[in-house]
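Okay, structure first, notes after.
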Amino acid sequence: MESLFGDTYEPQDEKSRLFADVILPVPIPKMFTYKIPRNLAEEVGIGYRVMVQFGQKKVLTGIIGKVHQKPPKEYEAKTILDVLDTYAMVNPLQIKFWAWMAEYYCCHIGEVMNAALPAGLKLSSESKVQLNPTYDADTSPYPLDEREEVILQALATKAELTYEDCQELVGVKTIHGILKSLVIKEAIIIFEQVKDKYTPKVENRIRLCHPYASDKQALERLFQEIAAKPKQEEVLLKYLQEIPVYQNPALNSKGVEKKVIADAGLSMSSLKTLIKNGVMEEYKLIISRFEDKEGSGEEIKLSEEQQRALNEIKQGFQDHQVNLLHGITGSGKTEIYIKLIEEALASGSQVLLLLPEIALTTQMVGRLQEVFGSRMGVYHSKYSDNERVEVWNGVISGKFAFVVGVRSSIFLPFDSLGLVIVDEEHESSYKQYDPAPRFHARDAAIMLSWLHQAKTLLGSATPSFESFFNARTKKYGYIQLNQRYGDAKLPEYILSDILVDKKKNLLKLDFTRVMREKIQEALNKQEQVLIFQNRRGYAPYISCEDCGWIPECEHCDVSLTYHQFSEEMRCHYCGFKENVPKVCPACGSGKLAAVGLGTERIEESLALLFPEARVARMDLDSTRSKYGYQRLLEDFGAGNVDILVGTQMITKGLDFDRVTVVGILDADRILYFPDFRAGERAFQQITQVAGRAGRRERKGTVVIQTRKPDHFVFDAVMKGDYKNFYVNDMTERQKFFYPPFVKLIKISSRHKDYKTAEKAARHLHNLLSDIQVRKIMLGPEKGLIGKIKNQYIFETLVKLDKSGNAQAVFKHELQKILEEIYSNKEYRSVRVVVDVDPY
DNA sequence: AGCACGCCGACT
DNA sequence: GTCGGCGTGCTC
């Protein structure tokens with residue numbers, strides 16, 4: 001690309017001049033106004049990617065958020081350097097959505113843009129150096145020093161160099177000064193090169209050259225000519241077999257994949273000769289990364305119960321934008337979704353179905369693909385950048401009217417959504433914690449849907465209490481779906497008291513007697529078992545039996561998790577790794593023991609307890625690879641695994657008939673979590689895990705190991721009494737001011753220095769206290785984890801009155817306070833993080 | 001976030 | 001004496 005500096009010619013009729021407010025990926029909470037050059041005025045609009053100069057030398061790519069005619073008053077706007085698109089990558093509705101998100105979640109619109117655009121669409125510009133063509137060393141009046149010579153010599157052989165190249169060449173840290181001097185001496189030119197990260201997938205194909213395809217005589221003559229070259233003849237015959245141009249010459253233009261020849265075991269060098277002699281030609285075709293498949297178009301049959309629910313949902317859409325479908329596990333929500341999606345698509349609208357990450361690679365997606373074929377786009381985190389760009393473009397082109405995706409798929413360029421479904425609506429993984437925007441995909445999806453004037457359906461077997469609250473207060477429509485599909489039975493629950501077994505010496509490798517018996521029974525009947533423990537690694541930590549020493553992370557305030565498999569200790573917060581010491585570094589004792597239970601350790605125990613069983617483990621560590629998860633699932637589905645132990649992951653979308661026993665090894669860990677949502681989460685998790693037991697005709701058994709068998713959560717779960725549990729929990733929340741009765745905003749201050757972090761948090765807290773709205777404030781307190789990645793953390797929790805404009809006022813004042821903090825020399829290095837709806 | 005400008009320590 | 005460290009101020 002040519003140098004992008006230098007101004008464009010500008011006519012003086014300022015009135016008709018167009019300006020663009022551009023969203024840039026910088027942490028400054030506003031858009032930046034640029035002039036649109038005359039010659040580009042016709043070619044740009046909202047949503048186009050443009051290149052602009054920002055600051056002294058940086059060239060950035062941004063997205064046009066607004067086009068207008070108001071010249072800025074306080075400064076002279078710079079001019080857009082270039083327009084990168086021939087159509088809008090982002091539509092106006094999306095810009096509105098981004099702006100809402102930035103405001104609601106107290107972040108910058110540039111941060112939203114960053115999260116929204118797939119990496120393949122985020123262009124990066126890199127500064128490069130090239131020789132100034134007018135430069136002549138002999139006539140130049142400026143002498144060069146040694147280091148400058150080095151660079152010029154390098155440029156004699158290489159057309160361009162990056163800054164890094166120059167740095168390496170000269171061997172200094174700050175190359176800036178040297179390059180600047182070279183620019184002044186007119187020896188080099190610095191320019192910005194933008195690289196489009198997206199590369200289309202290309203297929204190499206071959207076909208016959210001009211006369212041969214359509215002229216049979218020419219073709220026959222050709223065969224006579226090469227009769228003596230059997231290898232070339234073979235290639236030609238193979239081609240004609242694939243593409244019968246004799247019957248239909250028009251077929252030739254489509255050609256055939258080059259690798260067909262190689263796959264047939266024919267000579268590639270003969271093909272090369274054919275190409276060289278002008279018999280065949282090679283060409284490239286841009287193809288989609290996604291297979292083209294017809295949907296089955298099958299007629300979905302609904303049970304009576306499902307049909308009733310479907311009718312109620314449609315009725316609900318009449319009066320409510322948002323509807324909650326409360327359907328127990330296995331009640332057949334997928335079929336209802338399919339019906340609704342089909343109808344929405346038939347009416348010409350787009351549909352978005354959100355699923356939590358881990359549910360995406362499972363049966364539901366496969367099922368949907370069967371029905372919808374390649375009309376359906378899939379968008380998830382294991383897709384490559386290129387694949388994501390293709391989904392993005394597919395939504396714009398209309399190829400994908402329906403997308404199933406994770407959290408980030410709410411950012412796809414939909415322009416006419418008619419239906420948004422959020423499945424497993426209660427899932428906490430819909431919340432993005434870090435980095436900003438710290439949004440909740442369910443809540444954002446509702447807003448998105450509202451912007452499109454579309455309908456929203458939230459689905460869950462265990463709705464979040466917020467959503468259920470909204471349903472009970474008639475803000476949302478509410479539809480219940482009770483019957484288990486195909487008459488499956490509810491599981492039987494067994495509470496197994498760990499302490500009792502321990503006393504009687506019945507606890508073996510952390511498994512109670514009942515648990516072992518039930519597993520054995522299932523194994524005897526060739527049935528499958530799931531064991532749930534929401535903790536990966538071998539053990540939460542190791543500890544010295546003599547002095548009690550526990551290894552801790554150097555950078556965070558947590559103990560290191562012991563991973564036996566990789567023989568190391570790892571920090572789950574910052575990724576820090578350390579080898580396991582042979583002896584205790586504190587007292588020299590050799591008695592280091594693993595304490596607590598992780599999935600790895602359970603896997604090992606199971607192998608000892610049930611030596612004949614085939615055991616597998618499913619957690620973040622065993623499913624890292626792109627298809628790791630799928631492989632495990634297929635293995636399990638095919639019956640190659642008898643016992644599967646895993647974390648959260650096994651609670652999602654695992655619908656296997658042969659699972660009859662589900663074990664929860666340490667339910668207490670779920671019960672006692674230090675936040676107001678502990679009860680809700682415990683109910684949800686236990687119910688979801690239990691839901692994996694017993695499908696169809698087999699009755700399942702759920703064994704729960706606990707030290708508190710009389711805890712009220714168990715009672716509620718066993719009775720399936722969601723509503724009563726909800727009501728009880730709500731009284732608590734109302735009494736102690738927690739959502740949904742208030743709005744929570746968590747503000748944390750992070751700094752490498754403990755005192756500074758604390759002082760800044762205090763100061764911030766005081767400023768916030770002065771905001772005149774109805775609110776309650778907690779803190780500032782040391783974070784639950786006091787230090788992460790060498791940053792000390794202090795938190796203030798604000799509970800805002802939900803009625804009136806308390807929220808708006810508070811956020812507005814907060815913005816001002818943050819600006820003040822940021823301009824205060826004492827606190828400017830403190831990182832303040834605002835998290836709206838933090839849990 | 002970058003990046004420039006500006007003011008103080010360890011080196012030729 | 002300078003080179004170059006990073007404090008602080010600004011970016012349409």
Side-chain angles (χ1 to χ4, degrees), chain A residues 4-5 7-8 10 14 17-37 40 44 46 48-83 102 107-115 117 119 122-129 145-148 162-164 166-167 170-181 183-184 190 192 194 434-437 750-753 756 760 791 818-834:
Chain A
L4 296 159
F5 298 99
D7 218 340
T8 333
E10 291 173 41
E14 280 293 333
R17 183 165 258 318
L18 285 178
F19 294 88
D21 289 350
V22 179
I23 303 166
L24 294 174
V26 287
I28 304 162
K30 57 179 167 188
M31 298 198 227
F32 294 84
T33 307
Y34 286 85
K35 288 181 209 167
I36 300 175
L40 294 177
V44 295
I46 290 178
Y48 281 70
R49 292 178 302 165
V50 292
M51 286 182 63
V52 293
Q53 198 183 357
F54 187 71
Q56 281 308 291
K57 76 169 282 280
K58 202 66 200 162
V59 173
L60 296 177
T61 56
I63 287 201
I64 297 184
K66 197 178 167 188
V67 174
H68 57 87
Q69 282 157 294
K70 279 198 297 282
K73 289 191 186 73
E74 287 111 54
Y75 54 88
E76 175 75 14
K78 286 183 181 164
T79 306
I80 286 173
L81 300 171
D82 207 355
V83 179
C107 64
H108 316 301
I109 197 159
E111 290 174 316
V112 181
M113 176 180 99
N114 249 335
L117 287 180
K122 277 181 253 176
L123 301 135
S124 61
S125 80
E126 189 177 28
S127 298
K128 292 217 173 166
V129 174
D145 73 18
E146 223 176 280
R147 293 182 295 190
E148 291 170 354
T162 65
Y163 272 37
E164 287 74 44
C166 298
Q167 263 168 33
V170 185
V172 276
K173 258 222 153 151
T174 50
I175 196 75
H176 256 53
I178 300 166
L179 293 179
K180 207 169 150 187
S181 147
V183 171
I184 291 166
I190 295 178
E192 294 291 316
V194 180
D434 217 36
R750 310 180 183 187
H751 196 266
K752 62 181 190 308
D753 179 59
T756 313
Q791 300 264 312
L818 289 183
E819 270 167 46
E820 203 236 271
I821 293 266
Y822 193 66
S823 60
N824 183 326
K825 60 184 174 340
E826 201 180 346
Y827 303 126
R828 63 182 312 124
S829 58
V830 176
R831 234 168 65 79
V832 180
V833 171
V834 181

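In what follows, chains are A, B, ... by sequence order, proteins preceding strands, each numbered from 1. What's counted below: heavy atoms across the whole structure, side chains too, no hydrogens, waters or symmetry copies.
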Looking at every strand, decide which applies to A:Pro27 at a 4.0 Å heavy-atom threshold: base, sugar-phosphate, or nothing.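 A:Pro27: base contact, heavy atoms under 4.0 Å.
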
Rounded interatomic separation in angstrom, taking [atom1] from [X] and [atom2] from [N]:
{"X": "A:Leu24", "N": "B:dA1", "atom1": "CG", "atom2": "P", "value": "15 Å"}
{"X": "A:Lys70", "N": "C:dC12", "atom1": "NZ", "atom2": "C1'", "value": "15 Å"}
{"X": "A:Glu111", "N": "B:dG2", "atom1": "CD", "atom2": "P", "value": "12 Å"}

Check against side-chain contact (heavy atoms from CB on, under 4.5 Å), A:Glu76 and A:Lys35: CA-CA 9 Å; A:Glu76 175 75 14; A:Lys35 288 181 209 167; 2.6 Å; yes

Detail all sub-3.5 Å separations between protein N/O atoms and N/O atoms belonging to nucleotides 8-11 of chain C.
from	atom 1	to	atom 2	distance (Å)
C:dT11	O3'	A:Gly55	N	3.3

Might you point out which heavy atoms bring [X] and [Y] nearest each other, and give the distance in Å?
{"X": "A:Ala20", "Y": "A:Ile80", "result": "CB-CD1, 4.0 Å"}
{"X": "A:Val67", "Y": "A:Ile46", "result": "CG2-N, 4.3 Å"}
{"X": "A:Val832", "Y": "A:Ile821", "result": "CG2-CG2, 4.4 Å"}

Within the structure provided, determine whether A:Leu81 and A:Gln53 are in side-chain contact (heavy-atom separation under 4.5 Å). yes

Please lay out, stage by stage, how A:Phe32 and A:Asp21 fare under the test side-chain contact (heavy atoms from CB on, under 4.5 Å). CA-CA 5 Å; A:Phe32 294 84; A:Asp21 289 350; over 6 Å; no

The correct list of stems in which DNA chain B takes part (3 or more consecutive Watson-Crick or G-U pairs, distances under 3.5 Å) is B:1-11 with C:1-11

Plane angle bin for A:His68 and A:Phe19 - parallel if under 30°, tilted between 30 and 60°, otherwise perpendicular: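 The rings of A:Phe19 and A:His68 lie parallel, inter-plane angle below 30°.
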
Can you measure from CD1 (A:Ile63) to NZ (A:Lys122) and round to the nearest 0.5 angstrom?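 Here the rounded value is 10.5 Å.
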
